[in-house]
Peer 1: 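Quick one: this structure, given as structure tokens, is what I'll be asking you about.
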Amino acid sequence: MKAKTIAQKILTAKSGQEDLEPGQFITAKVDLVMANDITVPPAVGPFEATGKQKVFDPAKVVIMPDHFAPNKDVASATQCRITRKFAQDYKTVYYEVGRMGIAHVVLPEDGFLAPGMLVLGADSHTCTYGALNVMGMGVGSTDAAAAMATGKTWLKVPETIRVELTGRLSGWAAAKDVILTLIGRIGTDGARYKVLEFGGPGLASLGLEGRLTMANMATEAGAKAGLFEADQATLEFCRQAGAPVGTPFAPDRGAEYCRVVELDLSAVRPVVACPHSPANTVEVPELAGRRMDQVVIGSCTNGRLSDLAVAAEILKDRQVSKDQRTVVIPGSQKVWLAAMKAGYFEIFVNAGAAVSTPTCGPCLGGYMGILAQGESCLSTTNRNFRGRMGHAESMVYLASPATAAATAVKGTVCGPEDL
């Protein structure tokens, strides 16, 4: 039997076809389908066109209104109403405001995901789930509708790039710096319709929340999915989340990769991705003195408790620069509550930062921090394309929570060691 990558093993299990080759088209069973307040409305018509009176399994369809919720205007309220009605009509899992968070934070922490699953999400950052040895793939609303109706999807078997991790991070370098460094090296199309498979001796030194950050941004390298090898930390995270027992998959010795990238974690330094590409990375000192109008700490990339803990450590007994505004957005209600109990909110408010309810918010130019013409923002989000956070002539810089918090204090780009 031919040696397989992690992706090939998962797709073999879900399709029932052995010896899958890259480029081969297959039909596979899906374990979960997710959609949100942006992607459900355009999925309603295609779903109804199937003639199905119910979704394939109501417990395996999760609807999360996270992009423009709580509603920011009449248009977003209408989108959420359509989304809510779809969930009610078909009795899917649904998270209402007050319970919801950003889908890619909530689904892992609420136990929906287990190793070996194939998950479709009508959102490009569904690849986040790869941190848990789950093949999460972003799809369009039509494909999501078909999967909700049938429990199946079709796809082309992707090639795999192996990312071999060695060493361990030091200083203020974080998982966000690792993935930005990788994207800077291979480019935003370096993994186009491929899988990024992360493993190697350096993997054990990365916490699960850091792995979620890295898997989240696999799509920024063009990847179809970002898959991490499962280890004891993976299984313990899933156990604590109450996830079902999964089937961890590891690559076979001799598995074929289209490329192998070696990444020494000990050589990674804090970096910033400059406008208008996540691949436009430079080390923090190269931007020293660059003024920022705004800092955003949060999102599905860096809105978890460990991210807020780092920001709180740096902002404690310090003040946000008087010439700047800082917005902190926890990724879920659970994160929000834990951060509040830990005293982080008091630190943020005393520092002069605003704390939001969980939402995608400014990441996609929604609300809670839109940029005006000529303004600059250093953000822990995942994309800095032109106009992503507001005006087409605004500028977004991407960085880790540590770099963002330090920049909030100084008002110009810097690292914690510069305070």
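Because the structure is predicted, anything quoted here is derived from the model rather than measured.
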Peer 1: From Q88 CD over to R81 CZ, what is the distance, rounded to the nearest 0.5 angstrom?
Peer 2: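 The distance works out to 11.0 Å.
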
Peer 1: Before you tell me yes or no, could you show the steps for E159 and K224 under salt bridge (charged side-chain N to carboxylate O under 4.0 Å, His left out), namely the whole-Å CA-CA distance, both residues' side-chain angles and the distance that decides it to 0.1 Å?
Peer 2: CA-CA 10 Å; E159 294 180 302; K224 186 68 174 172; over 6 Å; no

Peer 1: Indicate yes or no for a side-chain donor-acceptor contact from Q294 to the backbone of G369 under 3.5 Å, with no hydrogens or angles considered.
Peer 2: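 Yes.
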
Peer 1: Specify the closest pair of heavy atoms between V268 and V178, including all atoms of both residues, with the distance to one decimal.
Peer 2: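 Answer, listing the atom of V268 first, then V178: CG1-N, 4.0 Å.
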
Peer 1: Return yes if some donor-acceptor pair links the side-chain N/O of T27 with the main-chain N/O of W154 below 3.5 Å, else return no.
Peer 2: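 Side chain of T27 to backbone of W154: no pair is present.
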
Peer 1: If you count heavy atoms of other groups shown closer than 6.0 angstrom to NZ of K85, is the number above 12?
Peer 2: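 At most 12 heavy atoms, drawn from other residues, nucleotides or ligands, come within 6.0 Å of this atom.
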
Peer 1: Testing the basics here: between L263 and T181, what is the closest heavy-atom pair and its distance to 0.1 Å?
Peer 2: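 For L263 and T181, the tightest heavy-atom pair comes out as CD1-CG2, 4.4 Å.
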
Peer 1: Assess the residue pair L315 and Y344 against the criterion (side chain to side chain contact (heavy atoms under 4.5 Å, CB included)); give the C-alpha distance rounded to whole Å, side-chain angles, the decisive distance to 0.1 Å, and a yes or no.
Peer 2: CA-CA 9 Å; L315 288 170; Y344 300 158; over 6 Å; no

Peer 1: If you measure from CE on M292 to CZ on R325, what distance do you get to the nearest 0.5 Å?
Peer 2: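 Reported to 0.5 Å precision, the distance equals 12.0 Å.
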
Peer 1: For residues M135 and A225, report the shortest heavy-atom separation together with the two atoms involved.
Peer 2: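 Heavy atoms only, the tightest pair is CG-CB, 4.2 Å.
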
Peer 1: Evaluate the side-chain hydrogen bond (donor to acceptor under 3.5 Å, both in side chains) criterion for residues N302 and S299: first the C-alpha distance (whole Å), next the side-chain angles of each, then the deciding distance (0.1 Å), finally the verdict.
Peer 2: CA-CA 5 Å; N302 285 118; S299 85; 5.7 Å; no

Peer 1: Would you check, one step at a time, whether the test salt bridge (charged side-chain N to carboxylate O under 4.0 Å, His left out) holds for R162 with E229?
Peer 2: CA-CA 11 Å; R162 172 74 176 184; E229 293 184 24; 2.7 Å; yes

Peer 1: Could you walk me through whether D123 and H104 pass the side chain to side chain contact (heavy atoms under 4.5 Å, CB included) check?
Peer 2: CA-CA 9 Å; D123 184 285; H104 309 312; 2.8 Å; yes

Peer 1: So L132 and F112, do their side chains get closer than 4.5 Å, heavy atoms only?
Peer 2: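 No - every pair of side-chain heavy atoms lies 4.5 Å or more apart.
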
Peer 1: Just to verify, what does E220 make a side chain to side chain donor-acceptor pair (under 3.5 Å) with, not counting sequence neighbours?
Peer 2: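 Listed in chain order: H125, R383.
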
Peer 1: Less than 4.5 Å apart, any side-chain heavy atom of P108 and any of F237?
Peer 2: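 Sidechains of F237 and P108: in contact.
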
Peer 1: Parallel, tilted or perpendicular for F86 and F47, by the 30°/60° rule?
Peer 2: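 Ring orientation, 0 to 90° scale: perpendicular.
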
Peer 1: When you measure from the side chain of K194 to the backbone N and O of P158, does any donor-acceptor pair fall under 3.5 Å?
Peer 2: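 Side chain of K194 to backbone of P158: no pair is present.
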
Peer 1: I need the I179 CD1 to T281 OG1 distance, nearest 0.5 Å.
Peer 2: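 OG1 of T281 is found 11.0 Å from CD1 of I179.
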
Peer 1: So, do L182 and M214 sit near enough that their side-chain heavy atoms are less than 4.5 Å apart?
Peer 2: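 Not touching, per the 4.5 Å side-chain cut-off.
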
Peer 1: Any sub-3.5 Å donor-acceptor pair from K52's side-chain atoms to T150's backbone N or O?
Peer 2: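 The answer is no, because no donor-acceptor pair under 3.5 Å joins these two groups.
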
Peer 1: Assess, by modelled atom type and distance only, whether the side chains of N382 and T301 contain a donor and an acceptor separated by less than 3.5 Å.
Peer 2: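 Yes, side-chain donor-acceptor contact under 3.5 Å.
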
Peer 1: Determine whether F249 and K4 make a side-chain contact, defined as any pair of heavy atoms from C-beta on separated by less than 4.5 Å.
Peer 2: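 Contact flag for F249/K4 side chains = no.
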
Peer 1: Under a 3.5 Å distance rule, please check whether T12 uses its side chain to pair with a backbone N or O of E18 as donor and acceptor.
Peer 2: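 Answer holds: no.
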
Peer 1: Could you list the residues that satisfy side chain to side chain donor-acceptor pair (under 3.5 Å) with Q240, not counting sequence neighbours?
Peer 2: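 Expected list: E236.
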
Peer 1: Does one side chain, of E209 or S306, offer a donor that lies under 3.5 Å from an acceptor on the other?
Peer 2: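 Yes, a side-chain donor-acceptor pair sits under 3.5 Å.
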
Peer 1: Supply the atom-to-atom distance L196 CG to F228 CZ, rounded to the nearest 0.5 angstrom.
Peer 2: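 Rounded to the nearest 0.5 Å, the CG-CZ separation comes to 9.0 Å.
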
Peer 1: Return yes if a side-chain donor-acceptor contact under 3.5 Å exists between N36 and T39, otherwise no.
Peer 2: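 Side chains of N36 and T39: pair found under 3.5 Å.
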
Peer 1: Where the side chain of D31 meets the backbone of L118, is there a donor-acceptor pair that is under 3.5 Å apart?
Peer 2: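 Side chain of D31 to backbone of L118: a pair is present.
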
Peer 1: Say you draw a straight line from CG of D37 to CE of M64; how long is it, rounded to the nearest 0.5 Å?
Peer 2: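 One finds 10.5 Å between CG of D37 and CE of M64.
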
Peer 1: Does V272 reach the side chain of T407, with side-chain heavy atoms less than 4.5 Å apart?
Peer 2: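 No. Closest side-chain heavy atoms not under 4.5 Å.
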
Peer 1: Hey, is CD on E256 packed in by over 12 heavy atoms from elsewhere, all under 6.0 Å?
Peer 2: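 No, the 6.0 Å shell around CD holds no more than 12 heavy atoms from other groups.
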
Peer 1: So, using side chain to side chain donor-acceptor pair (under 3.5 Å) as the criterion, who are the partners of K60 when residues are at least two apart?
Peer 2: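 K60: no side chain to side chain donor-acceptor pair (under 3.5 Å) contacts found.
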
Peer 1: Would you sort out whether E109 and R304 count as a salt bridge (charged side-chain N to carboxylate O under 4.0 Å, His left out), showing the intermediate values?
Peer 2: CA-CA 10 Å; E109 72 179 12; R304 299 177 179 85; over 6 Å; no

Peer 1: Working to the nearest 0.5 angstrom, can you tell me the gap between R269 CZ and L169 CG?
Peer 2: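 Here the rounded value is 10.0 Å.
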
Peer 1: Check the pair T357 / V97 against side chain to side chain contact (heavy atoms under 4.5 Å, CB included), numbers first and verdict last.
Peer 2: CA-CA 9 Å; T357 188; V97 170; over 6 Å; no

Peer 1: Is there a donor-acceptor pair closer than 3.5 Å between any side-chain N or O of D66 and the backbone N or O of C360?
Peer 2: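 Not at all, since once roles are kept as given, no pair shorter than 3.5 Å links the two residues.
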
Peer 1: Evaluate the criterion side-chain hydrogen bond (donor to acceptor under 3.5 Å, both in side chains) for residue pair D73 and S76; output intermediate values, then yes/no.
Peer 2: CA-CA 5 Å; D73 54 23; S76 61; 2.9 Å; yes

Peer 1: Measure across P251 and Y257 and return the closest heavy-atom pair with its distance rounded to 0.1 Å.
Peer 2: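 In terms of heavy atoms, the two residues are closest at CB-OH, 3.3 Å.
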
Peer 1: For G98, does its backbone N or O pair with a side-chain atom of Q333 as donor and acceptor, under 3.5 Å?
Peer 2: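 Between the backbone of G98 and the side chain of Q333 there is a qualifying donor-acceptor contact (under 3.5 Å).
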
Peer 1: Looking only at heavy atoms, what is the nearest atom pair of A43 and A145, with distance?
Peer 2: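 Smallest heavy-atom distance, with atoms named: O-CB, 3.5 Å.
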
Peer 1: Between N384 (side chain only) and S277 (backbone N and O only), is there a donor and an acceptor less than 3.5 Å apart?
Peer 2: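 Yes.
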
Peer 1: Taking all non-hydrogen atoms of both residues, which atom of P278 and which atom of M217 are closest, and how far apart?
Peer 2: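 Closest heavy-atom pair between P278 and M217: CB-CE, 4.4 Å.
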
Peer 1: Flag the pair Q8 / E21 as yes when at least one side-chain heavy-atom distance between them is below 4.5 Å, and no otherwise.
Peer 2: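 No, their side chains stay 4.5 Å or more apart.
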
Peer 1: Would you sort out whether F348 and V320 count as a side chain to side chain contact (heavy atoms under 4.5 Å, CB included), showing the intermediate values?
Peer 2: CA-CA 9 Å; F348 297 146; V320 169; over 6 Å; no

Peer 1: Ignoring hydrogens and angles, tell me if any N or O in the side chain of Y129 forms a donor-acceptor pair with the backbone of M117 under 3.5 Å.
Peer 2: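 It does not hold such a pair.
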
Peer 1: Heavy-atom count around E262 CD within 6.0 Å, excluding the residue itself: above 12?
Peer 2: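 Not buried by this count: 12 neighbours or fewer within 6.0 Å.
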
Peer 1: Scan S394, P362, S379, C363 and name whichever one has a side chain to side chain contact (heavy atoms under 4.5 Å, CB included) with R388.
Peer 2: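 So the option named by the test is C363.
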
Peer 1: Report yes if some heavy atom in the side chain of Y397 is under 4.5 Å from a heavy atom in the side chain of R290; otherwise report no.
Peer 2: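 Yes - at least one pair of side-chain heavy atoms lies under 4.5 Å apart.
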
Peer 1: Can you confirm whether L208 sits close enough to R211 that some side-chain heavy atom of one is under 4.5 Å from a side-chain heavy atom of the other?
Peer 2: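 Yes, their side chains come closer than 4.5 Å.
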
